[in-house]
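Atom set for the values below is all heavy atoms of this structure, side chains included, hydrogens, waters and symmetry mates excluded.
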Amino acid sequence: DMVGRYGGDEFLIVLPLARRDGALMKAEALREWITQLRVPALPRSVTISASFGVVSAESSGDLDAATLIRRADQALYRAKAGGGNQVALWTP
């Protein structure tokens, strides 16, 4: 598994051996973990939320990295449009 900053406030998590359901479970577990973080800020601490867009080469049939990233981005924006702090799976 690999994690890297993709740009701005976006990160790319690559799970080469995960199937779609495993990737969804990992994204949801990370989202829940992030919401538990408390960042110290004066005069109080702040909470963080995260939105995830998930795509699977298994379900999409595409192994082209650019297509997978574009679809993950589409799913991410759907998660954000739905109010944020959630995981969205790319669907055709």
Check [X] against [Y] and note the closest heavy-atom contact, atom names and distance.
X: T35; Y: E32; result: OG1-O, 2.7 Å
X: A88; Y: A79; result: CB-CB, 3.8 Å
X: N85; Y: S51; result: N-OG, 3.1 Å
X: V55; Y: A72; result: CG1-CB, 3.8 Å

Quick check for you: to the nearest 0.5 Å, what is the distance between [X] atom [atom1] and [Y] atom [atom2]?
X: I69; Y: D64; atom1: CD1; atom2: CG; value: 9.0 Å
X: D1; Y: L15; atom1: CG; atom2: CG; value: 4.5 Å
X: K26; Y: F52; atom1: NZ; atom2: CZ; value: 11.0 Å
X: L89; Y: S56; atom1: CG; atom2: OG; value: 8.0 Å
X: Q86; Y: K80; atom1: CD; atom2: NZ; value: 12.0 Å

ask   = Is the number of heavy atoms from other residues, nucleotides or ligands within 6.0 Å of CZ (F11) greater than 12?
value =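 Check passes, neighbour count above 12.
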
query = Where the side chain of R5 meets the backbone of G8, is there a donor-acceptor pair that is under 3.5 Å apart?
reply =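 Yes: the side chain of R5 pairs with the backbone of G8.
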
R71 (side chain) donor-acceptor with P92 (main chain) under 3.5 angstrom = no

Close side-chain approach of S49 to I34, heavy-atom, < 4.5 Å = no

ask   = Who else is in L17's hydrophobic cluster (ILVMFWY, side-chain heavy atoms under 4.5 Å, direct or via others)?
value = none

query = Which is it for V3 and L12 under the side chain to side chain contact (heavy atoms under 4.5 Å, CB included) test, yes or no, and what are the steps along the way?
reply = CA-CA 6 Å; V3 178; L12 185 63; over 6 Å; no

request  = Check each of L76, I13, L24 against V54 using the side chain to side chain contact (heavy atoms under 4.5 Å, CB included) test, and report the only one that passes.
outcome  = L24

ask   = What do the steps show when you test R70 against T67 for side chain to side chain contact (heavy atoms under 4.5 Å, CB included), and what is the final call?
value = CA-CA 5 Å; R70 185 179 74 250; T67 300; 3.8 Å; yes

task = Check step by step if side chain to side chain contact (heavy atoms under 4.5 Å, CB included) holds for T47 and Q36.
result = CA-CA 7 Å; T47 59; Q36 300 303 312; over 6 Å; no

